Amino acid sequence: MEVIGQRISAIKASLPEGVTLVAVSKFHPAEAIMQAYGSGHRIFGESRATELVNKAKELPDDIQWHFIGHLQTNKVRAVMPYVTCIHSIDSERLLRLVNTEAERIGRTVDVLLQVHVACEETKFGFTPEEFECLTSSGILSELSAVRVRGVMGMASNVDDNDRIAADFRLIKNMYDKLVEVLESSDGAPCDTISMGMSHDYRLAIECGSNMVRIGTTIFGEREY
Ligand SMILES: *Cc1c(COP(=O)(O)O)cnc(C)c1O
């Protein structure tokens, strides 16, 4: 069972400098995470609030937990003490709530704005129009307990690499706009483009990603 540690080391060795790996451990047990941890990895991604909280309580304190799934507003309070970065801010309401909760417990949390460019209708996130509205509204610089670090997005789930690359480039464009908006306000560090999963992370990196979220290639297939 050294295999998880070996896979994670191989992936990290293959990533260009400056690209961060989030090891997506959702649906995998604590033992699997500890194997990855044993190889020196510390950044893990979870998509369900209760699962993240349970794992965070049980596993070492120096793990950085990234929340990558749809975050229901009634779960914000539970995850807030444990989460380092929330990739999936998909509404202004959620953004404000995360800020309020972070303030309440006296901490600051990193967040990414989830953007929706894929052809599937079911995915969460701001469309380019909604994103434009949000970023021009001024609200991003009003929040004292969240740091808006960048964007997270997914490409369409299709076989066509041109379409996938076009989606990734659009996400990168939205990121570039966000950087402009935030730079002209207060200089918060906006530096993260989270895109790319097991099947498309190499292409995502070619299109500008600097944070990849990889589950299956590291941990194997998930059993839901
Ligand atoms: C599950 C998940 C991943 C990881 O997907 P794999 O195909 O297993 O690498 C990445 N990002 C998000 C948002 C996910 O929900």
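Since we're looking at a predicted model, the values are computed, not measured.
Residue Val98 is not grouped with residue Ile68 when hydrophobic side chains (ILVMFWY) are merged at heavy-atom distances under 4.5 angstrom, including chains of intermediate members. Hydrophobic clustering (ILVMFWY, side-chain heavy atoms < 4.5 Å, transitive): Ile86 and Val22 are in distinct clusters. Under a hydrophobic clustering in which Ile, Leu, Val, Met, Phe, Trp and Tyr are joined whenever their side-chain heavy atoms come within less than 4.5 Å, directly or via other members, Val115 and Val111 fall into the same cluster. When hydrophobic clusters are built by joining Ile, Leu, Val, Met, Phe, Trp and Tyr residues whose side-chain heavy atoms come closer than 4.5 Å, directly or via intermediates, Phe126 is grouped together with Val179. By the criterion of side-chain heavy atoms lying less than 4.5 angstrom apart, applied directly or through intervening Ile, Leu, Val, Met, Phe, Trp or Tyr residues, Met152 is not grouped with Leu94; the two fall into different hydrophobic clusters.
Closest heavy-atom contact between Leu170 and Pro128: CD2-CG, 4.4 Å. A pairwise comparison of heavy atoms in Cys190 and Tyr175 identifies O-OH, 3.2 Å as the closest pair. Contact detail for Met211 and Val19: the closest heavy-atom pair is N-CG1, 4.3 Å. Listed here is the closest heavy atom pair of Cys207 and Met195: O-CE, 3.6 Å.
Taking a 6.0 Å sphere around NZ of Lys177, one finds it holds 12 or fewer heavy atoms contributed by other residues, nucleotides or ligands.
Checking His87 against Ser194 by side-chain atom types alone, a donor-acceptor pair falls below 3.5 Å.
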- Task: Go through Thr216 and Arg222 one step at a time and tell me if the side chain to side chain contact (heavy atoms under 4.5 Å, CB included) criterion holds.
- Result: CA-CA 7 Å; Thr216 309; Arg222 289 177 286 274; 3.6 Å; yes

- Task: Go through Arg77 and Arg104 one step at a time and tell me if the side chain to side chain contact (heavy atoms under 4.5 Å, CB included) criterion holds.
- Result: CA-CA 10 Å; Arg77 184 167 288 194; Arg104 196 181 63 86; 3.3 Å; yes

- Trace of the side chain to side chain contact (heavy atoms under 4.5 Å, CB included) decision for Phe44 with Leu52: CA-CA 10 Å; Phe44 293 90; Leu52 185 150; over 6 Å; no

- Task: Walk me through it: do Val109 and Met80 pass the test side chain to side chain contact (heavy atoms under 4.5 Å, CB included)?
- Result: CA-CA 8 Å; Val109 65; Met80 195 53 62; 4.2 Å; yes

- Task: Would you check, one step at a time, whether the test side-chain hydrogen bond (donor to acceptor under 3.5 Å, both in side chains) holds for Glu120 with Ser156?
- Result: CA-CA 7 Å; Glu120 293 85 22; Ser156 301; 4.6 Å; no

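Each of Thr192, Val148, Ile89, Val151 was checked for a side-chain contact (heavy atoms from CB on, under 4.5 Å) with Leu112, and the lone residue meeting it is Thr192.
Side chain of Glu183 to backbone of Glu180: no donor-acceptor contact under 3.5 angstrom is found. In this structure a side-chain-to-backbone donor-acceptor pair under 3.5 Å is present from Arg149 to Pro189. Looking at Asp90, its side chain never comes within 3.5 Å of a backbone N or O of Gln114 through a donor-acceptor pair. A distance-only check finds a donor-acceptor pair linking the side chain of Asn210 to the backbone of Ile193 [under 3.5 Å].
Ring geometry, His70 versus Phe124: the interplanar angle falls under 30°, so the pair is classed parallel (tilted spans 30 to 60°). Between Phe219 and His28, the two ring planes are parallel [angle under 30°; tilted spans 30° to 60°].
In this structure, Ile105 CD1 and Thr100 OG1 are separated by 12.0 Å, a value rounded to the nearest 0.5 Å.
Between Lys55 and Glu46 there is a salt bridge, since a side-chain N of the basic residue sits under 4.0 Å from a carboxylate O of the acidic one.
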